[in-house]
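Since we're looking at a predicted model, the values are computed, not measured. FYI, the numbering just counts along the sequence from 1.
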Amino acid sequence: MSADFKSPRRWVLGGIGAGVGAAAAGGALAEPLTSSPRPLPRLAKADRNRPPDLAEVVAAARLTGQVGCVVADLQTGEILESYNPHAPMPPASVAKTLTTLYTLDTLGPGYRFTTRVIASGPMTDGIVQGDIILAAGGDPSLSTVELGDLANKLQKAGVLGLTGKFLVSDAGIGRIAQIDPAQPAHVSYNPAVEGLNLNYNRVFFEWKRENGEYSTTMEARTVGYSPAVDIAYITVEDRSTPVYTYRSDGLRDAWTVARGALGKGGGRWLPVRQPALYAADVFRTLARANGLELPAVERLAGDLPGDGVVLADSISEPLNKTLTSMLLYSTNLTAEVLGLNSTLRRSRPIETLKHSASHMNEWLRYRMHATNPMMVDHSGLGGASRVTANDMVRVLTTGGLNGQLQPLLKSIAMRDENYRVVKNHPAKVVAKTGTLNFVSALAGYITAPDKRELVFAIFTADLDQRSELDREERESPEGGKAWLSRSRRLQSTLLRRWANVYNA
């Protein structure tokens with residue numbers, strides 16, 4: 001099956017893609033035989049070495065569900081080979097490449113986020129005459145380290161107290177309770193999202209057993225800091241299942257954990273559901289350690305004061321570095337914050353995460369010439385997102401010709417028929433991976449041994465198996481690892497095939 005999309009570049013049918021998965025046309029079998037056919041000539045050596053039809057390669061993978069893939073020449077846009085190119089598929093974290101391009105086009109590669117501490121009035125003898133505001137700047141990578149630096153700067157500026165309130169702002173994004181409600185409540189990769197976020201909106205839960213009882217801590221742990229938090233707490237309960245439960249206790253996250261699941265001791269990250277209050281809680285602790293006692297935090301109602309005085313600020317790394325880290329570690333929180341910030345910068349209203357994603361879909365259609373992207377978020381965590389391999393290749397081609405995207409992607413090892421890494425392989429691949437339960441995706445760029453540049457997308461999904469999972473099964477479903485292994489072997493086979501077949 002061949003793709004037929006158009007774009008600003010020259011997109012044409014080509015290669016063996018025009019015949020993949022289709023029977024030969026013509027009248028060879030349209031009429032009854034009237035004589036014995038001639039014996040077929042022996043295949044030439046070149047024909048005997050011809051790679052198998054792409055449909056045969058897909059079938060050999062024994063992968064349940066659906067497969068869609070496209071490979072094209074990056075410079076000319078020529079479609080070289082495709083299979084189910086127009087099938088809408090979940091992109092999983094490959095969606096982060098779409099968000100990367102959306103953010104780069106909106107903010108620019110050198111953009112930096114600024115988190116500020118603002119005084120609503122002047123300071124007299126070290127006392128702020130008014131409120132102190134922790135003002136969000138939309139920084140997705142803000143950590144306890146940066147909050148510690150802000151507290152140190154206040155001390156150096158001579159701030160000793162205040163006459164008003166301690167407030168926190170959310171930068172106009174509002175609060176999104178979780179990225180994907182279908183995920184288990186306790187998985188750290190599915191936190192809430194706001195304009196002020198800390199430690200990827202995770203809190204570290206640690207437990208130890210002593211004399212048959214458990215002691216627990218909840219900390220905003222990072223390099224050099226481990227302040228305890230008040231915004232979240234956990235209770236050990238006598239049960240075996242469920243392992244975790246969650247509820248909102250007013251302004252706090254209330255967790256319970258099953259005693260039977262804890263063992264002797266351990267730790268894990270839990271998601272934060274009140275990100276701005278979490279960051280303010282940690283900042284208050286760090287300020288206290290620097291001699292500044294702040295009252296309990298309240299949310300700022302309305303806009304920041306126009307005549308406010310900046311007491312301290314924290315400036316993020318350039319956007320390109322943030323994007324590189326996001327693509328490498330596939331951080332969902334970063335993708336959502338960047339996507340929301342980009343929508344906000346374009347003066348588009350943000351009602352829900354899906355609403356923001358719809359603005360990105362619009363941008364993909366008109367700026368990247370995609371035909372029908374259907375993203376429901378910016379990270380790909382939501383299983384309802386859909387994009388075709390055809391559209392993904394189109395977007396990566398349009399976004400890849402200016403050279404901005406490829407340097408941000410991670411290298412993917414080439415493997416042999418036994419799935420062993422081939423060191424120093426002459427073909428080079430940079431791409432983004434994506435994984436959900438019974439969903440696997442890979443998309444990016446291949447530099448063939450002759451330096452020809454290819455762009456590709458591979459989507460696989462068994463949506464029937466995925467739909468049968470209940471919420472708690474989604475963390476580690478039965479049969480999920482074996483299915484994923486077959487999908488990754490197919491991806492490896494296709495990369496090896498394309499690097500060989502389309503190498504001059």
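With no hydrogens or angles considered, a side-chain donor-acceptor pair links Thr343 and Tyr102 at under 3.5 Å. With hydrogens and angles left out, the side-chain atoms of Thr388 and Asn372 include no donor and acceptor closer than 3.5 Å. Using modelled atom types, one finds a donor on one side chain and an acceptor on the other under 3.5 Å when comparing Ser379 with Glu336. Between the side chains of Thr64 and Gln465, at least one donor N or O sits under 3.5 Å from an acceptor N or O. Side-chain contact check for Lys432 and Ser330: at least one donor-acceptor pair (N or O, by modelled atom type) lies under 3.5 Å. Under 3.5 Å, the side chains of Thr245 and Thr256 contain a donor-acceptor pair of N or O atoms.
Rounding to the nearest 0.5 Å gives a distance of 7.5 Å between CH2 of Trp255 and CE of Met218. How far CZ of Arg367 is from CG of Leu101: 9.5 Å, rounded to the nearest 0.5 Å. To the nearest 0.5 Å, atom CG of residue Leu344 and atom OG of residue Ser356 are 9.0 Å apart. The line from CD of Glu146 to OG1 of Thr222 is 8.0 Å long, rounded to the nearest 0.5 Å. In this structure, CG in Leu198 is found 10.5 Å from OH in Tyr200, a value given to the nearest 0.5 Å. A distance of 6.0 Å separates CG of Leu338 from CG of Leu323, quoted to the nearest 0.5 Å.
Checking Met360, His359, Lys354, Arg386 one by one against Met375, the side chain to side chain contact (heavy atoms under 4.5 Å, CB included) holds for a single residue, Met360.
For the pair Leu436 and Leu381, the minimum side-chain heavy-atom distance is below 4.5 Å. Leu333 is listed as a side-chain neighbour of Val193, based on a closest heavy-atom distance under 4.5 Å. Side-chain contact check for Leu80 versus Glu78: some heavy-atom pair is nearer than 4.5 Å. By the 4.5 Å heavy-atom criterion applied to side chains, Arg175 and Gln274 are counted as neighbours. Residues Ile79 and Pro85 are not in side-chain contact: their nearest non-hydrogen atoms beyond the backbone lie 4.5 Å or more apart. The side-chain heavy atoms of Asn332 and Lys96, taken from C-beta on, include a pair separated by under 4.5 Å. Counting heavy atoms from C-beta outward, Pro191 and Pro275 have side chains that stay 4.5 Å or more apart.
Around CZ of Arg466, the count of heavy atoms belonging to other residues, nucleotides or ligands within 6.0 Å exceeds 12. In the displayed structure, Asn418 atom CG is contacted under 6.0 Å by more than 12 heavy atoms of other residues, nucleotides or ligands. Heavy-atom contacts from other residues, nucleotides or ligands closer than 6.0 Å to CG of Asp303 number 12 or fewer.
Judged by the 6.0 Å and 45° rule, Arg415 forms a cation-pi pair with Tyr419.
The shortest non-hydrogen separation linking Pro90 to Val439 is O-CG1, 3.6 Å. Nearest heavy atoms, Ala92 versus Thr435: CB-N, 3.5 Å. Nearest approach of Asp253 to Pro271, heavy atoms of both residues: OD2-O, 4.3 Å. The minimum heavy-atom distance between Gln406 and Glu453, with the atom names listed, is NE2-OE2, 4.5 Å. Residues Leu319 and Gly108 share a closest heavy-atom pair of CD2-O, 3.1 Å. Met414 and Arg496 make their closest contact through CE-CA, 3.7 Å (heavy atoms, listed as atom of the first residue, atom of the second, distance).
With Arg486 contributing its side chain and Arg62 its backbone, the two residues share a donor-acceptor pair below 3.5 Å. Between the side chain of Ser487 and the main chain of Leu484, no donor-acceptor pair closer than 3.5 Å is present. Checking side-chain atoms of Asn190 against main-chain N and O of Ile179 turns up a donor-acceptor pair under 3.5 Å.
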- Task: Please report the C-alpha distance between Val58 and Leu63 in whole Å, then the side-chain angles of each, then the deciding distance to 0.1 Å, and finally whether the side-chain contact (heavy atoms from CB on, under 4.5 Å) criterion is met.
- Result: CA-CA 8 Å; Val58 172; Leu63 196 64; over 6 Å; no
- Item | salt bridge (charged side-chain N to carboxylate O under 4.0 Å, His left out) between Asp105 and Arg346, worked out | CA-CA 11 Å; Asp105 190 59; Arg346 290 172 178 271; 3.0 Å; yes
- Query: Going through the distances and angles, do Gln404 and Thr100 end up as a side-chain contact (heavy atoms from CB on, under 4.5 Å)?
  - Reply: CA-CA 10 Å; Gln404 280 190 299; Thr100 294; over 6 Å; no
- Query: Can you list the steps and then say if Val337 with Phe113 is a side-chain contact (heavy atoms from CB on, under 4.5 Å)?
  - Reply: CA-CA 11 Å; Val337 173; Phe113 299 92; 5.8 Å; no
- Message: If you apply the rule side-chain contact (heavy atoms from CB on, under 4.5 Å), what do you find for Leu270 with Ile234, and how did you get there?
- Response: CA-CA 10 Å; Leu270 291 173; Ile234 194 163; 4.2 Å; yes
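Aromatic ring orientation, Tyr244 versus His186: parallel (interplanar angle below 30°, classes split at 30° and 60°).
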